[in-house]
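The model shown is predicted, which means the values in this text are computed figures rather than measured ones.
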Amino acid sequence: MRRIQSLCMMHYPLCILLAVLLLVSCGTTSRVPVTGRKQTLMVSDGDMLSLSTQQYQQFMKSARPSANAAATAMVKRVGQNLANAVTTYLQQNGYAAEVQHFAWEFNLVQDQQVNAWCMPGGKIVVYEGLLPVTQDEASLAIVLGHEIAHAVAKHSAERISKEYKNQYGAAILGTVVQAAGVSQGTQQLIDLVQQVGGSLLTSGFSRKQESEADHMGLIFAAMAGYDPRVATTFWQRMAAQGSGGGGLFSDHPSDADRVRNIQGWMPEALRYYKGGTTTATPANTSRSFRFTGR
């Protein structure tokens with residue numbers, strides 16, 4: 001994904017807040033919805049939402065909203081259908097407390113990149129250059145499902161936690177215990193977020209995370225009433241763009257691996273698909289999406 005200018009260069013107090021949080025936290029352990037993967041995070045959902053909301057607002061100040069009213073309405077409609085289905089799933093499968101950390105928003109911007117991204121908390125941007133490749137609403141749902149999955153799986157918080165542990169480890173805690181105010185350890189964490197904080201919100205996910213987002217996104221699209229079987233032909237169109245489609249997919253699995261994985265997940269996705277359509281269908285939020293574990 002496109003690297004966005006560092007949040008902390010513009011919002012220094014938020015960096016202080018994030019740094020303090022990281023310093024005092026021992027991390028929380030949870031499981032990713034749908035896949036059940038275990039993860040340990042050292043940054044809270046609330047602080048990730050604060051960081052991403054302000055970064056998103058900064059981006060939108062300089063972005064040019066699409067002048068295509070029909071396309072804009074489509075992006076918002078498909079996005080909200082997915083958000084409704086995901087919210088229902090979280091509420092009915094033991095993740096109700098997670099819902100408060102999402103403030104869904106969907107925007108289409110004038111940019112010919114084949115690109116889209118979702119910040120923590122559900123702030124989603126689609127670039128006009130993606131729509132000729134998606135071609136239909138179900139394929140757009142596959143992309144938006146993938147991006148929403150990054151937020152639901154807390155991949156950005158996971159990356160920030162990893163960067164923190166890799167660069168400073170347990171040694172920084174000793175510094176904090178001995179210091180008052182903004183210690184050297186705190187400043188080191190501020191420097192970390194300044195260096196990589198903005199990009200950690202929207203890009204550079206590992207292939208493991210990208211594959212997990214493919215899996216979850218396929219399920220989310222099916223939950224929202226979009227035929228997940230369109231995913232195979234959509235990714236084939238993406239492959240024809242060259243280099244996996246550019247910025248959005250540069251760190252993703254290879255085209256062959258992606259299609260093979262999707263085919264493996266398809267029986268699971270079809271269990272969630274309730275005979276919807278490959279065009280627009282409002283998500284039926286009364287459906288029951290029960291996660292039975294792995």
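Judged by distance alone, the side chains of H150 and E210 do bring a donor and an acceptor atom under 3.5 Å apart.
To the nearest 0.5 angstrom, S156 atom OG is 3.5 Å from F205 atom CZ. Taking CD of E137 as the reference point, atom CG of D227 lies at 13.5 Å (rounded to 0.5 Å). Here the straight-line distance linking atom CZ of R258 with atom CZ of F234 works out to 8.5 Å at 0.5 Å rounding. Taken from CG in L130 to CD in Q135, the straight-line distance is 11.0 Å, to the nearest 0.5 Å. Atom CZ in R229 sits 13.5 Å away from atom CD in Q263 (nearest 0.5 Å). Interatomic distance, CG of D214 versus CD1 of I219, reported as 11.5 Å (0.5 Å rounding).
Linking ILVMFWY residues whenever their side-chain heavy atoms come closer than 4.5 Å, directly or via other members, leaves V32 and L49 in distinct clusters.
In this structure, M216 and I148 have side chains that are not in contact, with every pair of non-hydrogen atoms separated by 4.5 Å or more. No side-chain heavy atom of Q55 sits under 4.5 Å from any side-chain heavy atom of K123. Counting heavy atoms from C-beta on, the side chains of V126 and E147 never come closer than 4.5 Å.
Remark: E158 pairs with R37 by the salt bridge (Lys or Arg N to Asp or Glu O under 4.0 Å) rule, at least two apart or across chains. Take K38 and apply the side-chain contact (heavy atoms from CB on, under 4.5 Å) test, not counting sequence neighbours, and it matches T29, R31. Qualifying side-chain contact (heavy atoms from CB on, under 4.5 Å) partners for A83, counting only residues two or more places apart in sequence or in other chains: Q80, W104, F106. In this structure A71 satisfies the side-chain contact (heavy atoms from CB on, under 4.5 Å) test together with N68, L108, L131, sequence neighbours excluded. With sequence neighbours excluded, the residues forming a side-chain contact (heavy atoms from CB on, under 4.5 Å) with A231 are I142, L218, W235, I262, listed by chain and number. Looking at residues two or more places apart in sequence or on another chain, you find a salt bridge (Lys or Arg N to Asp or Glu O under 4.0 Å) between K154 and D45, E98. The side chain to side chain donor-acceptor pair (under 3.5 Å) search around S66 returns E128, not counting sequence neighbours.
In terms of heavy atoms, A151 sits closest to M119 at CB-O, 3.9 Å. The minimum heavy-atom distance linking W265 with S211 is given by the pair CH2-O, 3.3 Å. Nearest heavy atom pair, residue G145 against residue F220, reads O-CD1, 3.9 Å. Contact record, P132 with G129: CD-O, 3.4 Å, taken as the closest heavy-atom pair. Summarising the geometry of Y89 relative to M223, their closest heavy-atom pair is CD1-CE, 3.1 Å, with the distance given to 0.1 Å. Contact detail for V109 and A63: the closest heavy-atom pair is CG1-CB, 4.0 Å.
Legend: salt bridge (charged side-chain N to carboxylate O under 4.0 Å, His left out) pairs involving residues 82-93, not counting sequence neighbours: none detected. A salt bridge (charged side-chain N to carboxylate O under 4.0 Å, His left out) check over residues 63-72, counting only residues at least two apart or in different chains, returns nothing. Listed by first and then second residue, the salt bridge (charged side-chain N to carboxylate O under 4.0 Å, His left out) pairs that reach into residues 85-96 come to none, sequence neighbours excluded.
A donor-acceptor pair is defined here as one N or O able to donate and one able to accept, closer than 3.5 Å; no such pair exists between the side chain of T134 and the backbone of L140. Of the possible donor and acceptor atoms, one in the side chain of Q209 sits under 3.5 Å from a partner among the backbone N and O of S206. Using a distance-only test at 3.5 Å, with no hydrogens or angles considered, a donor-acceptor pair links the side chain of Q100 to the main chain of A97. Under a 3.5 Å cut-off, the side chain of Q39 and the backbone N or O of A153 do form a donor-acceptor pair. Listed for the Q110 side chain is a donor-acceptor partner under 3.5 Å among the backbone atoms of P65. Between the T233 side chain and the V230 main chain, a donor and an acceptor come within less than 3.5 Å of each other.
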Legend entry - Step-by-step side-chain contact (heavy atoms from CB on, under 4.5 Å) determination, Y95 to V152: CA-CA 10 Å; Y95 297 95; V152 173; over 6 Å; no

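Relative ring orientation between F59 and Y127 is described as parallel, the plane-to-plane angle staying below 30° on a 0-90° scale split at 30° and 60°.
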